[in-house]
Every structure is written in structure tokens, then in C-alpha cells.
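Working notes for the structure below.
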Amino acid sequence: MTLLTLEHVARTFGANTAHPVHALRDVSFTVDAGEFVAIMGESGAGKSTLLNLLATLDQATAGQLRLQNQDLAQLSAEQAAKFRRDHLGFVFQSFNLLDSLTNRDNIFLPLVLKRTPLATMQARLAPLAEQLGLQELLDRYPQEISGGQKQRVAIARALITQPALLLADEPTGALDSNTSQQILAIFNQVNAQGQTILMVTHSAVAASYAQRVLFVKDGRIYHELFRKEQSSAAMQSQINNAMLTLSKGGVANDD
Amino acid sequence: MMIKLLASLWQAHRRIYWPAWLATVVLVALNYLLFALASDPSLRHFGFSSLTNALLQIGIVFIVAITLGFLGYADNFLAKAQSRAFGLYRMLGMTHWQLGGLMSLDRFSFLATAGLVGVCTGTIFTRLAGQVLLRLIDGTAIHLAFWSARGTAATAVVLALGLVGLIVVNLWRLQQVSPQALFTTGQLEKAPAAKTPWLSGSLGLLCLGLAYWQAISVKPSMAALVQFMGATLLVVIGTYLVFMAGSILILRQLQKWPRCYYESPRGMIAISGLLTRMRANGAGLATICLLCSAVMVLLFGSLSLYVGRSRIQRLWNPAAIQVVTPLKQRAQVHQTVVQLADQQGVAVRRVADYSITVPQYGKITGAKFSTQLGGAASNTATLILISRQTYQRLTHHPVPLAANQALVYSPGQAVPSRLKVGEATYHLHRLAHFKWGIDPTHSIFPPIYLVVNQLPVQLPQLRVQAFDYQRTLPTTKKLAFEQSVMAALPMADNSYLSMRQTIKTFLNGLTGGTIFVGFLISLAMLVTTAIVIYFKQLTEGMADRHRFVTMQAVGLTPLETAAAIRTQVLAVFLLPVGGALLNLAVAFPGIHKILKLFSMYDGWLELKIAVGVAVLLLVIYLSVYAFTTRLYQRVVASGQPTDGDVVR
């Protein structure tokens with residue numbers, strides 16, 4: 001079942017100026033429910049612009065984005081915020097946990113915004129905390145825990161709303177390789193439970209955990225790789241090759 | 001190159017530099033103004049000018065202290081804001097001494113320009129201020145110089161002191177930290193304290209409670225001032241502890257209340273934000289609260305004295321001259337006054353001539369007046385008795401009184417319906433007005449007049465003679481005549497003199513000088529308060545920017561964001577002014593009792609002044625609040641994703 005559809009999406013900054021910047025041009029792809037998709041590309045390729053459009057933090061200048069049949073272009077700022085808290089979960093590179101809240105309250109935050117009863121929040125937190133190994137960390141503050149632990153708290157915050165789509169922006173960018181692997185394993189684990197994930201990353205290792213990798217260059221989708229039954233190592237090798245080809249200016253063949 | 005770097009610092013941190021610079025200009029102008037007035041010779045040549053000058057000197061002490069305190073406070077913000085740039089300069093190879101030189105040049109240019117503009121501003125306003133002071137103290141003409149060299153020099157000394165202090169502190173700061181730390185200072189966020197500060201929070205609440213109790217229970221006695229000072233000290237300690245720890249205590253309890261904390265986004269955002277903020281900024285908010293309290297108390301006290309001065313004059317001097325002496329000197333007094341009047345062409349006439357008992361100082365406990373021997377600190381009243389016949393003669397009102405009955409006139413305090421004085425017990429009937437119900441000694445204890453059938457034989461008596469002369473005489477002639485009377489009369493034990501014009505000149509000097517200096521100090525404190533509020537909003541806006549961006553990313557809507565900001569900012573900035581209003585409300589009874597020491601008994605008038613002052617401060621405070629809240633919202637909004645942020 002298709003969860004997300006992008007049709008001919010474009011985003012231009014400074015359209016009315018002498019030097020408009022075309023961050024995205026004619027981007028089209030779909031994501032099925034339960035998929036784990038990675039988006040790769042060099043800096044300035046347009047990955048984050050794409051993520052911001054999907055996160056309803058920005059509006060496309062052309063084309064259509066639909067998530068669960070909702071046209072994202074039709075949302076006002078107020079509706080977009082409500083849509084985000086109802087349908088989307090976010091994991092950021094710099095965790096974006098609030099220092100003024102305990103880890104428990106950080107996880108509760110999106111549910112508090114939805115005015116969810118405390119009992120429901122607690123019922124949802126218990127299995128998540130167990131799965132992510134957070135039981136001992138809940139009453140501490142973000143400054144008192146490690147980067148990997150922070151990212152696990154951030155994942156719990158993203159998942160507690162049971163979102164249709166989990167958006168991750170360089171989720172391992174600020175972590176060492178061991179911790180990165182733990183976080184990516186968690187992503188695989190929740191994906192196996194049916195969670196749809198769309199992850200933007202620079203890292204071939206991180207992308208190799210995804211079922212499908214989209215390569216973005218100069219604001220366009222240039223290439224697509226499917227993992228299928230391949231091992232992580234084989235997938236990683238394919239990603240590296242694709243990135244090399246892209247950096248040389250060529251277009252790799254679809255798998 | 002240094003100039004370019006300086007210019008870039010000013011440009012980069014203009015939101016801190018310019019308001020701080022403007023406030024410094026105002027404070028420098030106030031310094032100059034007071035120094036110029038205090039050093040001007042024309043302010044030393046009229047009655048009680050030494051009193052006015054003493055008040056100006058007190059004003060100088062306060063204004064200089066406020067100025068130096070403000071410079072230190074503003075510099076702290078500047079230093080934090082500049083730390084990234086300074087860290088970068090160090091990393092790029094600037095030596096410690098070069099950095100110190102740049103910082104010193106920066107502070108010097110800041111103070112030099114503010115000093116120059118401040119002295120010019122002060123010069124413009126000094127003559128106007130001099131005329132206002134003249135009117136307030138009802139003085140004779142003054143001729144202030146256009147520019148005061150002494151005022152300028154003294155102001156320059158204050159600024160030089162400030163500059164040296166700032167340079168020393170900043171050199172020490174630069175010495176203490178590594179370039180990396182300099183580079184990151186101001187970016188570190190602190191988590192709310194893990195432990196609830198039960199001890200300091202409870203201690204703060206206890207201090208405030210004790211202070212409030214002291215202020216409310218203060219009695220109009222010699223001990224009142226000391227007790228009030230003690231209460232003030234406790235309020236200062238208590239306010240700091242309550243804002244820094246007590247608020248955390250309360251917020252932690254609110255956090256444990258799910259209905260308040262988890263069931264509304266606003267509750268969670270406001271409480272968690274306040275928790276972080278009170279730990280970091282509790283002292284700043286306490287400072288705002290205390291500055292507002294000080295402004296209100298100062299304006300209330302000085303305005304009450306100023307407005308009430310004519311009432312004090314009437315109370316102290318129903319006639320132009322009152323002479324109280326032992327009975328045997330009665331004729332001599334009359335003769336001396338008439339002779340002097342004749343010599344100076346003053347038309348004098350005796351308007352009252354009667355006996356009173358020697359004033360007794362003591363206190364009323366239950367239904368008994370007891371005189372205090374060696375316990376003056378607990379005295380609260382001056383008891384004077386006059387006979388029924390005297391009262392009838394003075395007022396032309398016949399009053400039938402039984403032996404155990406008395407009329408009582410007590411403008412400064414309530415008295416019971418029955419009072420035992422010595423061996424006699426009187427049933428009292430209150431008098432609303434008694435023109436001659438004066439305390440000839442002008443003591444700080446409110447007078448209680450008892451009109452009785454027979455004066456007790458054991459109490460010695462004094463003779464009161466009151467004289468009037470033509471009111472149209474010039475002030476200088478009135479003063480000259482009164483001073484000649486003062487010099488000529490033989491003043492033995494139990495002799496008291498009270499001269500209307502002399503008293504009036506003294507009170508005008510005291511109250512006019514007090515209100516003038518009080519206003520200038522209040523202005524300095526208001527400017528400081530406004531800047532403290534401004535800096536708080538600015539720094540907190542910057543700190544909250546990231547918080548609100550994150551919350552919006554996880555679904556906080558723009559409307560909810562605006563509401564959350566309003567709630568949070570309102571809570572934070574209403575706390576200090578709320579605390580200040582509470583302080584004023586509690587200080588009111590204490591100040592009322594202290595004003596009684598100056599024979600100010602009109603509580604209703606004082607209440608009106610207190611309300612007026614509170615309303616004035618609220619208006620000013622809310623204006624600053626509205627302006628700075630817009631700034632806060634702009635700072636927070638500047639963290640929203642923009643076209644420039646999204647391409648990566």
C-alpha cells in the first residue's frame with residue numbers, strides 16, 4: 001500500500017530574484033507502508049529540502065506531495081503542525097531534546113501537545129522504554145546521558161505517537177560507529193515491526209540498513225538501489241559504487 | 001584594524017551595546033546633574049541649604065552605586081556575547097595582551113562616548129533641574145553656571161573608576177579561560193537542578209515571612225526605623241532565596257501535579273521553561289523585584305512627606321511662634337517677643353496663653369499609660385494634660401466633665417475608651433479636632449491630649465504662649481525676626497520654641513530635597529530595571545529559540561507557540577512586579593508608622609499616594625514588558641526555518 005507519493009515536486013528559493021536556487025527539480029517517487037528508505041547525496045544536493053517538505057516545515061513550489069492521501073500543499077501552518085504531531089515522527093542528527101525536560105517528559109512531549117491522557121502516555125511509554133533500554137534513563141535530563149542514549153530517547157519520542165512515517169535526518173551523524181550500529185539496529189527492529197522509515201544520510205553504512213536507497217544530486221533523484229536479499233556488506237559496496245559514479249558526474253544503472 | 005574589529009563587535013552585538021550605552025548616558029547625566037548641583041555655590045546661601053546639600057550628597061552616593069552596579073551588570077552580558085568573537089580571535093593567533101587591549105579599548109570607547117554624551121545631556125538639564133529643586137525646597141533664586149567643571153570632573157572620576165573595574169575584571173576573565181572555552185561560553189545550557197532546594201527555598205520563605213511580620217507589626221517608636229531596616233534586609237535575602245530556590249520548590253510541586261503539567265502543553269512548556277530559567281535567572285528576577293520595590297517605597301515615602309508637609313506645619317505650628325516655658329518665665333517671654341517685634345517693625349499679637357502638663361513619654365498597654373524610665377526605644381506616645389477650663393477658653397466650647405471623665409485628642413494613634421494615668425482612671429470621649437493639640441517638643445511620639453477637670457497636682461506645668469504676626473512679611477524678614485526671638489529668649493530646661501517660617505523652611509528643604517533626590521534615584525533604578533528586563537528577554541529569547549523550534553518540529557502549532565510564549569513571558573515578568581507590589585503592600589503599615597515619627601498621621605492620604613505610585617510603576621513596567629516581549633518574540637521567531645536555512 002502506498003503511503004507517500006511525490007509527483008514532479010520542485011522547490012526553488014528566491015524564485016523572483018536574479019539568481020534563483022533550484023533546490024529540488026521534478027522529484028517523483030513513492031514509499032510503501034512498512035518500507036525503510038534512505039536518501040543519499042552530497043551536501044547541497046537537496047536532501048534536507050526534501051526532508052523539510054515531507055516534514056511539512058516547508059512548501060513545494062511545484063508538484064504534489066501526498067502522505068496518507070493528504071495533499072501536504074493544502075495544509076496551513078496550523079494544520080501542518082497538527083498533521084506533524086498526528087502522522088510524523090522525527091529523529092534529528094543533533095537529537096533536539098529539550099534540556100529543560102527530563103527524558104521522560106521529552107518522550108511525552110508530542111503526546112502532551114495532543115493532550116493525551118497521562119495513563120495512555122504511560123501505557124505507550126512502558127514497552128518503548130523496555131525495547132530501547134531507557135528504563136533507567138527516564139528521570140534524568142538529556143545533559144546527563146551519552147549521545148547514543150540521547151538518540152534512543154529521541155527515537156522513543158518519535159515513536160510514541162505511533163506515526164505513519166518516521167523521518168530521520170542523519171540520525172547517526174553525531175555518533176561513533178558502535179553507537180551508530182546500535183541505533184541503526186533499532187531502526188531495523190522497528191521497521192520489522194511495520195514502521196515506515198525515511199532516512200536522510202551521508203553514510204553508506206547507515207544507508208545499507210535500508211531496503212531502498214534513493215540518490216539525490218543537484219535536486220533530482222538520479223539513482224535508486226534496492227537491497228532485496230543482499231547482505232549489508234554487499235549493499236554497502238553497491239552504495240559506495242553508486243556514490244562514486246555520481247560524484248564523477250555519471251548516472252548509475254538501476255539495479 | 002583594531003577600530004575595524006571594534007566596529008564589528010558593536011555591529012554584531014548592537015542589541016546589547018546600544019541599550020546599555022543609552023542607559024549609561026542617562027546614568028552619567030544623572031551623576032553630572034547631582035555633582036553639578038551639589039558643588040554649585042549658589043545652593044549654599046539660603047536657609048537650611050546644608051540640609052539640601054546633605055540630601056544631594058546622599059543622592060550622589062546612591063546614583064554612583066547604581067551606576068557602577070549597572071556597568072558591572074551590563075558588562076557581564078557584553079562579555080558573554082563577545083566571548084565567541086574573542087575566542088575566535090585567540091584561535092586566529094591574537095595574543096592575550098592584544099585581546100586585553102582590544103577589550104580595554106572597547107570598554108574605554110563605550111564609556112568615553114557615553115560619558116561625553118551623558119555630560120552634555122546633564123548640562124542641558126542641570127539648569128532645569130536646579131529650578132525644579134528650587135521650587136521644591138521653596139528656596140531663593142539660584143544662579144547655576146552653564147557648565148560645571150567640578151561636576152564634569154567628579155563624573156569623569158566615577159567613570160574612570162568604572163572603567164578600571166571593568167578592565168580588571170575582564171582581564172581576569174580572559175586570563176582564566178582557554179580559547180576553546182571562550183569560544184563556547186554562552187552556548188552551554190544547563191539542566192534544571194536535579195535536587196529540590198528544600199533548605200534554601202524554605203529559608204527564603206521563612207525570611208520573607210519574618211520580614212513581612214516585622215514590617216506589619218512595627219510600632220511608631222524609636223525602634224521602628226531599626227526594625228524596618230531589619231525587615232528590609234530580610235526582604236532582600238528572602239527575595240533572592242525565594243526567586244532562586246523557593247520558585248524551584250513550587251515549580252517542582254506543580255510538576256508533580258499531572259493535571260497542571262501533563263494535560264496542557266502550555267503548562268508543561270511554561271513550568272519546564274521556568275524551572276530552567278529560575279535556576280539561571282532567579283537572581284536577575286529577584287534584582288528586578290527589589291529594584292521595583294525600592295522605587296515604589298522610595299517614591300511613596302518621599303511623596304508622602306512632600307505632600308504631607310503642610311499638614312505637618314499646621315500640626316506643629318497653629319500659630320507663627322509658640323514658646324513653651326516654665327510658668328515663671330511667662331512675663332519675660334511676652335516682653336521679649338513684643339520688644340523684638342517693635343524693633344523690627346513686626347506687628348505681633350499673643351493669640352494663646354495657657355498651661356499644660358510637662359509632656360510625658362511612654363506607651364499605652366491595655367488601658368494603662370505608663371511612662372518608660374530608661375526604655376525610650378519602646379515609647380510610643382507623648383501624653384499632655386490640660387484642664388477643662390483651658391480647653392473651654394481656647395475653643396469657646398463649654399464641656400461638662402465629671403471627675404472621672406476626659407476628652408482625648410490623639411491624631412496619631414488609637415486610644416482605648418478607658419485609660420489609667422497615674423492613679424486616676426478616665427473614661428475617654430474622643431475629639432476629632434483640637435487646634436492647640438500640639439506636641440511642643442516635636443518628639444517622634446504622637447501626642448495624646450487629655451482634657452481633664454483638674455490637672456493632677458503632682459505633675460509640673462508649663463506655660464504655652466502663641467504669637468502671630470502679619471503673614472505678608474517677606475520670607476527673609478520672617479526668618480530674621482524668628483531667629484532674633486530664638487536668640488533672645490532664655491531657653492532653660494523644659495523650654496521649647498517652634499517658629500512657623502523656620503519650620504516651614506526646614507521642612508521644605510527636607511521634603512523638597514528628599515523628593516528631588518528620591519525622584520532621581522528612582523529614575524536611575526527604573527532605567528536599570530528596564531535594561532535588566534531587556535537583557536533578560538534578549539538572552540532568554542536566544543535560549544528559548546532552539547526550544548521552540550524543536551517543539552514546533554514535533555507538532556507545536558504557531559498559535560500554541562504564541563500562547564506558550566505569552567504564558568511563559570507573562571509568568572516570568574509578572575513574578576517580580578507581583579513580588580514588588582506585595583513588598584509595597586506589606587511595607588505600607590511599616591512606612592505609615594515611620595511617617596508618624598515625622599507627625600504624618602494621614603493614613604488615607606498615604607494610601608492614595610501608595611496606590612498612585614503602584615499604578616505609575618505598573619504602567620512603566622508593562623510598557624517595558626510589552627516592548628521587550630516583542631523583542632523576545634522576534635528573537636524566538638528568528639529561529640524558525642527560513643529560505644536560507646533549508647538547503648544543505
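The side-chain hydrogen bond (donor to acceptor under 3.5 Å, both in side chains) check on A/T120 picks up nothing, with sequence neighbours excluded. Taking A/D86 as the reference, A/K114 meet the salt bridge (charged side-chain N to carboxylate O under 4.0 Å, His left out) condition, with sequence neighbours excluded.
A salt bridge is defined here as a Lys NZ or Arg NE, NH1 or NH2 lying under 4.0 Å from an Asp or Glu carboxylate O, and A/D105 with A/R157 fails to meet this definition.
B/T557 touches chain A through backbone and side chain together, each having a heavy atom under 4.5 Å away. Neither the backbone nor the side chain of A/R140 comes within contact range of chain B, judged by heavy atoms closer than 4.5 Å. Of the two parts of A/A55, neither the backbone nor the side chain holds a non-hydrogen atom closer than 4.5 Å to a non-hydrogen atom of chain B. With a 4.5 Å cut-off on non-hydrogen atoms, A/F83 does not touch chain B at all.
Listed options A/L51, A/L24, A/L88, A/L98 were ranked by heavy-atom pairs under 4.5 angstrom with chain B; first place goes to A/L98. For the set A/L109, A/L50, A/V112, A/L97, the entry with the most heavy-atom pairs within less than 4.5 Å of chain B is A/V112. When A/L118, A/T161, A/L113, A/T102 are compared by the number of non-hydrogen pairs under 4.5 Å with chain B, A/L113 comes out ahead. If you tally non-hydrogen atom pairs under 4.5 Å between each of A/K82, A/R84, A/M121, A/E78 and chain B, the highest count goes to A/E78.
Using a 4.5 Å cut-off on side-chain heavy atoms (C-beta onward), A/I197 and A/Q195 make contact. The shortest distance between side-chain heavy atoms of A/T49 and A/F13 falls below 4.5 Å.
The aromatic rings of B/Y73 and B/F535 lie parallel to each other, their planes meeting at an angle below 30°, with 60° marking the opposite boundary.
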